[in-house]
Amino acid sequence: MPDPFLIGEAMTGGYGATDILHDCTIAVEKGQIAVIVGPNGAGKSTAMKAVFGMLNLRGGRVRLNGEDITKLSPQDRVARGMAFVPQTHNIFTSMTVEENLEMGAFLRRDDIKPALEQVYHLFPILKTKRTQPAGELSGGQRQQVAVGRALMTQPQVLMLDEPTAGVSPIVMDELFDRIIEVARSGISILMVEQNARQALNIADKGYVLVQGANRYTDTGANLLADPDVRRSFLGG
Amino acid sequence: MNTRAIYLFAGVGMLYVLTGLLLSWNVSLNILILGLLSAIMALGVNMQWGYAGLFSTGIVGSIALGGLAVVFISGNPVPQAFAAGGWQVIFGLAVAVAGIAAAVAAWTYMAPGRLRNLAVAAILIGGFFLYRAIFDPAVERIEAFDPATYGNVGGFGLNSIWAWPVGGLFAAVAAWAIGKIALGLREDYLAIATLGIAEIVITAIKSEDWMSRGVKNLVGLPRPWPVPYEVDMQADPGFLAFCANWGLNPTTTSTLAVKGIYIVMFAIVLGVLIWLLQRALNSPWGRMMRAIRDNEVSAAAMGKDVKRQHLIIFILGAAVVGMSGAMYVSMLGQLVPGEYTPLRFTFLIWIMVIVGGSGNNWGSVLGGLLVGWLWLIVDNAGPLVMSAATAGMADGALKSHLVDVAPQLRLLTLGVALLLVLRFSPRGLLPEK
Amino acid sequence: MDLLNALVAFLNFVVIPAASYGAQLAVGALGVTLIFGILRFSNFAWGDTMAFGTMVVILFTWLFQSLGISIAPLPTALLALPFSIVITSALLLGTDRVVYRFYRKQKAKPIILVIVSAGVMFVMNGLVRIVIGTEEQNFADGGRFLISAGDFKAWTGLAEGLAIKGTTAVTMVTALLTMSALFWFLQKTRTGKSMRAFSDNEDLALLSGINPDRVVQVTWVIAAALAVIAGTLYGLDKSFRPFIYFSLLLPIFASAVVGGLGSPMGAVAGGFVVAFSEIVVTYAWKKVITYIVPQTWAPDSLMQLLSTDYKFAVSFSILIIVLLFMPNGLFNKGK
């Protein structure tokens, strides 16, 4: 079996002396959506940050498109085509929407107009608000700015840390639709979600983590159908 | 005290001995007196910084307030000036304080809104003009009385040792006011606010002639008990007989004796302070203070009133510094407002604390004695060294410039020393255990 | 009642000096606020950085004067500005490399950086005093007056004169150009925007691929330019003494805090708020009031709220009021 497009393999590590992740593996194929779910404190966000190089791994490797990137800094990973949307503080509040998007494309020296148009096409509301400071937008619109900023690098992988935290159900559905749209354009999506049921619905692959280790790994549909998973993690 | 401390103190002691042998004992003891005072100041600052992590840049203000206490406690009474406006000045100041208190009360007890803002503004503005109307004419009358000699309201004429605790009290009151305002804000706001209050205190001492004669300097303040005057000693037959007996020069002996008495007095104060501080440090209160410093959030979570404890330590530290300021002026016998510069009396003290070892009382003492020596030796030996260094040069503008700026080298050196310690040994020469 | 003379006196003694002083404070406060925004500490070495930059300007001014180079009626100091900016930038970049960078990599607490900056202050202060001494230096040459009081009286026939000093005009124009250039840079250029992004959200800036070292370097260079310009304008207008520059720290900090530390627009507004308050409170209003009220009401006293000695008390009061009631500054919408 060929390597997945992006894989964090057998990752072990944490922020301080104690390990949070234990031999944890997360992967996503080209153009697919992979979702990490699990109870609070399961190390979901930590696993994703590990893939992005935001903590030191004591064991395991991260490979992107077959290349070992374990030692690269997050900034270098951005340059390699990975983009990350943090859960909070994920926009420049004092800057306009358009400036936020421009900053997303900071590393690109070519014309960013097409990328900008793509983001506006994906999130039309941002176009109408482009000269407004991003800090004045509603929660859902802020998330759109955050995702839009990440897309401006025209990444191959988009990583989202709880993109629907704190937004209303309607906005959440809308955001998930957009994420599917992004995946269809060929960008791999790796996302951590609190709303496990809805997220697994759109996931090609789902990872259920418990205490920093893989508990269940399967397609989204199979996980949703698995009675054990339903009972323990999806509330019946 | 461990071996490292003993070696370091012995090394610093050697500096003083060498100064005595190579320059003169008079200079050496002079520096030692100021070194001990610096050590006390550093102890006060170390209380604030080492135990509570508070960075104040207003130390010079506390020192100057302490000096002002000597003026009021020990200055010669000027009954005519006081009769001309003393009570009125006090009344004016009381009105000012009452006005501020009323404004604070209005702010605290009135419901938020435009009415409250207007009321507070009205109280402050009205209070200000009322205060000026009472205060100004009184000051004018006081300053009009024999301005060549007095022009000030006068003091109580008491022995200046009484001024020491009062100096501490003055500084404590000022620290209370500024602490109420600036503690609990971002750390660097405290630094900026204290810089400002110190600047105002110094301005007041320079320009309020009625209290301290301003830049005309108030001289002739009495020495603290039991320090004698050299001239009295030299007139004392017993002392003269003693000198003759031992083959000593009465003039030199009396000078050194006076300095020796100061050194003993200041050393006693320093010793008592250290004893108290070490006891406090190892008491439950000291442990709580360190817990707060090391982790404010968890200390607050455990129910400690962080802000209140910070205020207490801020006031106590300022009081110690204020007392040392009073000791300084009582020793000098005069208040020279021009001396109080932030570089000399705020940032230099900081260098002492940090070089000595933040959080360690003995470190502050070591820093005070060492940095104090470095600073003052330049006054005495700097021109000599620079003249020697430039001896080979032709006389001219460059040479005289170099000799002139020699004392400024110490700013550079001490700045570099501070940066080196912060970088390579941030816990200082004597680290906290 | 003589409103016209009152107005002229008001302009001459309050508005013009305050505008000029305010422009100097604003440029200085911009530097403090930029350093705070990007490097996240209050730089206590700022006053001495200004003194250093001004000293270099003075040295170059003397050099040019001795070579007979002049741009009269403009002061020679303007010609020296770029040279001083280069040298001061080098000093600040060097300081960052050997001093501040270490603490940045360690993610030291801001207060440690404040103390470190006090160490830098000592070094710079020593450097300035060693090179140029502690004496007052007057280096303003060029035209003394744009409009002199005598000419103004002759033209208008008013009793009150309106004088605009050459240095006032130079201050206003230079400050305006400096501020416009800075705002253009921050708002319109890629590097400027990346600085704003870094100041707004450092982690996200890193995620966007913004190079923090470059942002920091650019910040120091801009800060150097601002320090040199602010210091030189102040020195031209008043005079140069190392000690005075240290005490400018308070009004400059007050200006930056009033506008909200980290906000460039706020720093400019803060500079003028502080300058106007300082002058309004310490100006003796007797003259202006005498013109306005009927003769019999003319005041005997100077009508001065505070003596000029206490001008720092004004900065301080503004600072305290803002800290107590608007900790984010007057112009920062809560972040």
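A note on names: the letters A, B, ... follow the listed sequences, proteins ahead of strands, and every chain is numbered from 1.
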Chain C interface, residue from [options] that has the most non-hydrogen pairs under 4.5 Å:
options: A/Asn90, A/Asn100, A/Thr153; result: A/Asn90
options: A/Met82, A/Arg109, A/Met152; result: A/Arg109
options: A/Glu99, A/His89, A/Met54; result: A/Glu99

Quiz prompt | Any side-chain heavy-atom pair of A/Pro86 and C/Asp203 under 4.5 Å | solution =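 No - every pair of side-chain heavy atoms lies 4.5 Å or more apart.
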
Self-check item: Best-contacting candidate, C/Leu204, C/Asn211, C/Ile210, C/Leu207, against chain A by heavy atom pairs under 4.5 angstrom
Solution: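 Answer, by heavy-atom pair count under 4.5 Å with chain A: C/Leu204.
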
Is it true that, when you exclude [X] itself, more than 12 heavy atoms of the residues, nucleotides or ligands shown sit nearer than 6.0 Å to its [atom1]?
X: A/Arg108; atom1: CZ; answer: yes
X: C/Arg97; atom1: CZ; answer: no
X: A/Asp111; atom1: CG; answer: yes
X: C/Lys109; atom1: NZ; answer: no

Exercise. Mark yes or no for whether C/Asn201, through its side chain, and A/Phe92, through its backbone, hold a donor-acceptor pair below 3.5 Å.
Key: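 A pair under 3.5 Å: no.
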
Quiz prompt | chain A-proximal positions within residues 177-198 of chain C [heavy-atom distance under 4.5 Å] | solution =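 C/Gln187, C/Arg190, C/Lys193, C/Ser194, C/Arg196, C/Ala197, listed by number.
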
Practice problem: Let me know if A/Arg77 has heavy atoms under 4.5 Å from chain C in its side chain, its backbone, both or neither. | Solution: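 Contact with chain C involves no heavy atom of A/Arg77 at all.
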
Quiz item: For A/Leu107 and C/Ser208, which heavy atoms make the closest approach, and how far apart are they?
Solution: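 Nearest heavy atoms, A/Leu107 then C/Ser208: CG-O, 4.1 Å.
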
